[in-house]
Amino acid sequence: MRRLLPLLAGLLLLVTACTTGPGPTPDPKPAEDRWRPKPGLAWQWQLSGRLDPTVDVPVYDIDGFDHPASTVKDLHARGRKVICYLSTGAWEDFRPDAARFPKSVLGEGNGWEGERWLDIRRTDVLGPLMAKRLDMCRDKGFDAVEPDNMDGYRNRTGFPLTAADQLRYNRLIARLAHDRGLAVGLKNDLDQIPRLLPDFDFAVNEQCAEYDECGRLAPFVAAGKAVFHVEYELDTRAFCPQARKLGLSSMLKKYELGVWRKPC
């Protein structure tokens, strides 16, 4: 019987491990607790210059790398929800994690200095890298994330990307954000709205009025999800009437996305 005691103890440990798992892990924020911005919310989108936290709007969209947790906390104290801007479809040579991206996933330039499209087929490489970035947004206290460059398959990236590749990658980003309790917005990528609407909590769009495409964002509004929209070239008189009719959160901005804004 004494010889059996170590064996029985081992079996007990094995059963315990199988039933309890490797140990407690933090649960993501329940889906019902995640922020869900409603149509018509006014917003400020500032990605350059010294941040002005005094704009009287309920939503701020700011760069996730450039701002510390204290900035997010201050905006929260002012009654704002805060969106974390990240580039998830393009590499930026000025980011602190730039060296972690292997050259094999870097494609053609995307039109902005120091930026190159990513090979979004390589989810084995990009998934962990983007997870760390989303960890940063969560840890700084952001409410949501705006993942940029989410339509590489429609551009000359240097890779033979397909619509299916883009759907798979965009859904991965949405899932990673949701796993961390963050709301997530679909940036542009109008062609895939019908298939991606269930995966995203809001939309961010640039220049849909200039290209006569704003009606394609109507499914988000119909689903009770905000559409945060900017124009750069048109006067507000040219796009605000339609934007208000569609229920978009629209404003005129300059390309550098500084403090200046002219809302509808």
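As the structure is a prediction and not an experimental result, all values here were calculated from the model. Worth knowing before you read on, the calculation uses all heavy atoms, side chains too, and leaves out hydrogens, waters and symmetry mates.
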Quiz item: Under a 4.5 Å side-chain heavy-atom rule over Ile, Leu, Val, Met, Phe, Trp and Tyr, are Leu176 and Tyr169 clustered together?
Solution: yes
Exercise. Count the heavy atoms of every other residue, nucleotide or ligand shown that sit under 6.0 Å from CZ of Arg195, and state whether that count exceeds 12.
Key: no
Quiz prompt | SB check Arg168 Asp165 (cutoff 4.0 Å) | solution = yes
Self-check item: Contact check, side chains of Arg171 and Leu196, non-hydrogen atoms, under 4.5 Å
Solution: yes
Quiz item: With the threshold set at 4.0 Å, does a side-chain nitrogen-carboxylate oxygen contact exist between Lys140 and Asp135?
Solution: no
Quiz item: Going from CH2 on Trp91 to NZ on Lys103, what distance comes out if it is rounded to the nearest 0.5 angstrom?
Solution: 9.0 Å
Practice problem: Start with the C-alpha distance between Trp112 and Glu92, add both sets of side-chain angles, then the distance that settles side-chain contact (heavy atoms from CB on, under 4.5 Å), and finish with yes or no. | Solution: CA-CA 9 Å; Trp112 295 92; Glu92 301 158 305; over 6 Å; no
Quiz item: Just how far is it from atom CG of Leu190 to atom CG of Asn205, taken to the nearest 0.5 Å?
Solution: 5.5 Å
Exercise. Please determine if Glu146 and Lys187 form a salt bridge, counting it only when a charged side-chain N lies under 4.0 Å from a carboxylate O.
Key: yes
Quiz item: Which pair of non-hydrogen atoms, one from Glu113 and one from Phe94, has the smallest distance, and what is that distance?
Solution: O-CE2, 4.3 Å
Quiz item: Within a strict 4.5 Å, meaning less than it, do heavy atoms of the Val145 and Ile83 side chains meet?
Solution: no
Self-check item: Contact summary for Phe142 and Ile62, nearest pair of heavy atoms
Solution: CE2-CG1, 3.7 Å
Quiz item: Is the backbone N or O of Ala163 less than 3.5 Å from a side-chain atom of Gln192, with the two atoms forming a donor-acceptor pair by type?
Solution: yes
Self-check item: Pair Asp52, Thr54: side-chain N/O donor-acceptor within cut-off below 3.5 Å
Solution: yes
Quiz item: Rounded to the nearest 0.5 Å, what separation is found between the CE atom of Met251 and the CZ atom of Phe239?
Solution: 9.5 Å
Quiz prompt | Neighbour count above 12 (heavy atom, 6.0 Å) for Asp124 CG | solution = yes
Self-check item: Verify same cluster id: Met130, Met150 (apolar side-chain graph, 4.5 Å)
Solution: yes
Self-check item: Asp143 CG to Trp35 CH2 distance, which is reported to the nearest 0.5 Å
Solution: 6.5 Å
Quiz prompt | Connected via hydrophobic side-chain network under 4.5 Å: Val184 and Phe65 | solution = yes
Exercise. Verify the neighbour count for atom CZ of Arg244: are there more than 12 heavy atoms of other residues, nucleotides or ligands below 6.0 Å?
Key: yes
Quiz item: With no hydrogens and no angle check, is any side-chain donor or acceptor of Glu213 less than 3.5 Å from a backbone partner on Leu217?
Solution: no
Quiz item: Salt bridge or not for Arg122 and Asp119, using N-O below 4.0 Å?
Solution: no
Quiz item: Taking it one step at a time, do Asn155 and Asp151 satisfy side-chain contact (heavy atoms from CB on, under 4.5 Å)?
Solution: CA-CA 7 Å; Asn155 293 272; Asp151 55 359; 3.9 Å; yes
Practice problem: State, yes or no, whether a side-chain contact exists between Leu246 and Val227 at a heavy-atom distance under 4.5 Å. | Solution: no
Practice problem: Check whether the side chains of Gln44 and Lys253 place a donor and an acceptor atom closer than 3.5 Å, and report yes or no. | Solution: yes
Practice problem: Would you kindly confirm whether Trp117 and Tyr85 end up in one hydrophobic cluster when ILVMFWY residues are joined by side chain heavy atoms under 4.5 Å apart? | Solution: no
Quiz item: Would Cys84 and Leu182 satisfy side-chain contact (heavy atoms from CB on, under 4.5 Å), going step by step from the backbone distance to the final call?
Solution: CA-CA 9 Å; Cys84 181; Leu182 298 166; over 6 Å; no
Quiz item: Should Phe228 and Phe202 be marked as a ring-ring contact (aromatic ring centres under 6.0 Å, His included) after you check the CA-CA gap, both sets of side-chain angles, and the distance that decides it?
Solution: CA-CA 8 Å; Phe228 298 115; Phe202 59 94; 5.6 Å; yes
Quiz prompt | Heavy-atom donor-acceptor pair, Arg116 side chain to Gly107 backbone, under 3.5 Å | solution = yes
Quiz item: Is there a donor-acceptor pair closer than 3.5 Å between any side-chain N or O of Arg80 and the backbone N or O of Val57?
Solution: yes
Self-check item: Stepwise salt bridge (Lys or Arg N to Asp or Glu O under 4.0 Å) test for Arg95 and Asp63
Solution: CA-CA 11 Å; Arg95 297 302 190 186; Asp63 190 280; 2.6 Å; yes
Practice problem: Say whether, by atom type as modelled, one donor and one acceptor occur between the side chain of Gln242 and the main chain of Cys214 under 3.5 angstrom. | Solution: no
Quiz item: Just wondering, do Pro53 and Arg78 contact through their side chains at under 4.5 Å, heavy atoms?
Solution: yes
Quiz prompt | Close side-chain approach of Leu86 and Asp148, heavy atoms under 4.5 Å | solution = no
Practice problem: Identify the heavy atoms of Thr123 and Pro128 that sit nearest to each other, and give their distance. | Solution: O-CD, 3.8 Å
Quiz item: Mind checking what makes ring pair (Phe, Tyr, Trp, His ring centres under 6.0 Å) contact with Tyr255, not counting sequence neighbours?
Solution: Tyr232
Practice problem: Examine distances only and state if a side-chain atom of Lys225 and a backbone atom of Arg36 form a donor-acceptor pair shorter than 3.5 Å. | Solution: no
Quiz item: Do any N or O atoms from the side chain of Ser249 and from the backbone of Ala42 form a donor-acceptor pair under 3.5 angstrom?
Solution: no
Quiz item: Under a 4.5 Å cut-off applied to non-hydrogen side-chain atoms, are His178 and Arg34 in contact?
Solution: yes
Quiz item: Which atom names give the shortest non-hydrogen contact between Val82 and Leu75, and what distance separates them?
Solution: CG2-CB, 3.7 Å
Quiz item: If you take all heavy atoms of Leu118 and Thr88, which pair is closest and at what distance?
Solution: CD1-O, 3.7 Å
Exercise. Heavy atoms only: give me the nearest Leu248-Cys208 pair and the separation to one decimal.
Key: CD1-SG, 4.3 Å
Would you tabulate the side-chain donor-acceptor contacts of residues 256-264 under 3.5 Å, counting partners in other chains and residues two or more places apart, or write 'none'?
residue, atom, partner, partner atom, Å
Arg261, NE, Trp43, O, 3.2
Arg261, NH2, Trp43, O, 2.9

Quiz prompt | Residue pair Lys132 / Asp97, side-chain heavy-atom distance below 4.5 Å | solution = no
Practice problem: Answer yes or no: is there a side-chain heavy-atom contact under 4.5 Å between Phe220 and Leu197? | Solution: yes
Practice problem: Check whether the side chains of Asn170 and Asp189 place a donor and an acceptor atom closer than 3.5 Å, and report yes or no. | Solution: yes
Quiz item: Rounded to the nearest 0.5 Å, how far does CG of Leu186 lie from CD1 of Ile173?
Solution: 12.0 Å
Practice problem: Could you tell me whether a side-chain N or O of Arg133 sits under 3.5 Å from a main-chain N or O of Ser87, the two making a donor and an acceptor? | Solution: yes
Exercise. Nearest 0.5 Å please: distance from the CG atom of Leu126 over to the CZ atom of Arg100.
Key: 14.0 Å
Exercise. Determine, stepwise, if the pair Ser250 / Glu231 fulfils side-chain contact (heavy atoms from CB on, under 4.5 Å).
Key: CA-CA 8 Å; Ser250 301; Glu231 294 291 330; over 6 Å; no
Exercise. Report yes or no: do Leu252 and Leu41 belong to one cluster of Ile/Leu/Val/Met/Phe/Trp/Tyr joined by side chain heavy-atom distances under 4.5 Å?
Key: no
